[in-house]
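Note that this is a predicted model, so its numbers are computed, not measured.
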Amino acid sequence: MLGKVLKKDFNSTARFFLPLMGGYIIAAVVGKILFEILLSIMDSSGHTSAVSEGMAVFSFIYLVICMIYLVACYLMTSVFVVYDFYKTMVGRHGYLTHTLPVKTSTLVWSKTLIAVMWQVVVNVIISLSFLLIFTGHFSMEDVRGVFRFFVRSLDINLTTHTIYTVINMIMESFHRPLLFFACIAIGQQWKEHRIIGAILAYMGISIASQIINTIAIVATGFGQLLDDYPVNGYLIYTFIFGLVTTVGFFLITDYLLSKKLNLE
């Protein structure tokens, strides 16, 4: 049943994300062309014509717009995920969603997995766009040199640090959407002020997390751990704290939407 719900949620969100991703891919390709033109103009010697100067200005402005589009992709990914969850789970479409013969936990799992999938797609496309733009200007030796400098400056084991970082990235990809879902589930308890309730819930959870995080670091002695292992120790603690809160967000969302559902 989860597979069928995933297919339904994918089709529902694809109409938002595919145009966004397609637009960014086109913008990245055009940006690569203009980037090469800009470098060519900058490298050219002698007097430059007004056309060349104008092209350089246009290329620079376009690259700035591409950077803004990049930030917008990240922001709109979260906006689309939140909008789809609100519309289909607690909005007017919620009546149809909750008549499906599936558990609420399955619906939440489906929304979460779809959100994670689109985050991965966005990250892959943006990473490839950077590779595209800078292809031909950096060698692999330059990249390896940067990594060697990074490892030496932090005095870490690259393999261990990479494993911890990847694990935290995976956990964070689940943590963020479930945080939004939990806030929406809490906010829908206020029938007349759902959005305000969700915003207040987000602010409250964020403040509480910071307080608990600080207390836990002091109480458990992680401060000393951070002194001994400034990078990996922090990543270990971040994973533990993130895992606990992520599970908590899922349980809150599942409970409120299955036991305390308050549709429009």
Side-chain angles (χ1 to χ4, degrees), residues 2-3 5-32 62-91 93-94 97 106-134 165-188 194-195 198-199 201-203 205-206 209 238-239 242-243 245-250 252-254 257:
L2 178 60
V5 178
L6 281 170
K7 181 179 179 180
K8 173 181 174 296
D9 285 335
F10 174 80
N11 292 333
S12 175
T13 55
R15 61 193 181 94
F16 294 115
F17 285 100
L18 292 182
L20 179 68
M21 298 298 99
Y24 184 78
I25 291 173
I26 294 173
V29 173
V30 176
K32 170 63 174 178
Y62 186 88
L63 291 175
V64 172
I65 294 175
C66 281
M67 294 299 103
I68 296 175
Y69 197 169
L70 182 151
V71 176
C73 280
Y74 280 112
L75 294 178
M76 293 308 295
T77 298
S78 298
V79 171
F80 286 157
V81 166
V82 170
Y83 172 74
D84 178 74
F85 185 86
Y86 182 89
K87 180 185 69 174
T88 58
M89 295 295 287
V90 302
H93 291 186
T97 301
T106 301
L107 296 174
V108 177
W109 260 118
S110 177
K111 298 292 184 183
T112 304
L113 292 174
I114 290 295
V116 171
M117 182 204 72
W118 285 121
Q119 289 181 57
V120 172
V121 171
V122 169
N123 288 327
V124 169
I125 289 178
I126 290 178
S127 299
L128 291 177
S129 71
F130 273 100
L131 290 177
L132 172 66
I133 291 177
F134 294 107
T165 301
V166 171
I167 291 175
N168 272 278
M169 290 175 62
I170 294 173
M171 186 275 298
E172 178 63 23
S173 66
F174 285 87
H175 180 276
R176 180 171 294 275
L178 281 170
L179 168 59
F180 293 142
F181 298 165
C183 292
I184 292 174
I186 295 172
Q188 59 93 34
R194 295 168 178 269
I195 297 179
I199 294 174
Y202 180 83
M203 294 173 61
I205 290 175
S206 298
S209 296
T238 299
F239 172 74
L243 180 62
T245 53
T246 299
V247 172
F249 295 151
F250 179 86
I252 290 172
T253 305
D254 180 42
L257 296 185

Return the minimal non-hydrogen interatomic distance between [X] and [Y], and the atom names on each side.
X	Y	value
Lys87	His93	O-CB, 3.2 Å
Ala14	Pro19	O-CD, 3.8 Å
Arg194	Val90	NH1-O, 3.5 Å
Met171	Leu243	SD-N, 3.9 Å
Cys183	Ala201	SG-C, 3.9 Å

Is there side-chain contact between [X] and [Y], with heavy atoms separated by less than 4.5 Å?
X	Y	result
Leu178	Val247	no
Thr238	Glu172	no
Met89	Phe181	no

- More than 12 foreign heavy atoms under 6.0 Å from CD1 of Ile195: is that the case here?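 Open: at most 12 neighbouring heavy atoms sit under 6.0 Å from CD1 of Ile195.
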
- Message: Taking OH in Tyr202 as the centre, count heavy atoms belonging to other residues, nucleotides or ligands within less than 6.0 Å. Is the count above 12?
- Response: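 No, OH of Tyr202 has 12 or fewer neighbouring heavy atoms, counting only those of other groups under 6.0 Å.
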
Donor-acceptor contact below 3.5 Å, side chain [X] vs main chain [Y]:
X	Y	result
Ser12	Lys8	no
Asn11	Lys7	yes
Gln119	Ser173	yes

Please round to the nearest 0.5 Å and tell me the distance separating atom [atom1] of [X] and atom [atom2] of [Y].
X	Y	atom1	atom2	answer
Leu179	Ile184	CG	CD1	10.0 Å
Lys111	Thr88	NZ	OG1	2.5 Å
Met117	Ile114	CE	CD1	4.5 Å
Thr13	Phe80	OG1	CZ	10.5 Å
Leu107	Phe85	CG	CZ	9.0 Å
Phe17	Thr77	CZ	OG1	5.0 Å

- Task: Would you check, one step at a time, whether the test side-chain contact (heavy atoms from CB on, under 4.5 Å) holds for Phe16 with Val81?
- Result: CA-CA 10 Å; Phe16 294 115; Val81 166; over 6 Å; no

- Evaluation steps, side-chain contact (heavy atoms from CB on, under 4.5 Å), between Ile205 and Ile186: CA-CA 11 Å; Ile205 290 175; Ile186 295 172; 4.2 Å; yes

- Query: Which of these passes side chain to side chain contact (heavy atoms under 4.5 Å, CB included) with Cys73: Ile125, Asn123, Leu20?
  - Reply: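 Between Cys73 and the candidates, side chain to side chain contact (heavy atoms under 4.5 Å, CB included) is satisfied uniquely by Leu20.
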
- Message: Can you confirm whether the side chains of Ser110 and Asp9 place a donor and an acceptor under 3.5 Å from each other?
- Response: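 On atom types as modelled, these side chains qualify, holding a pair under 3.5 Å.
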
- Query: Parallel, tilted or perpendicular: which describes the rings of Phe174 and Trp109, with under 30° parallel and over 60° perpendicular?
  - Reply: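 Aromatic pair Phe174/Trp109 classed perpendicular.
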
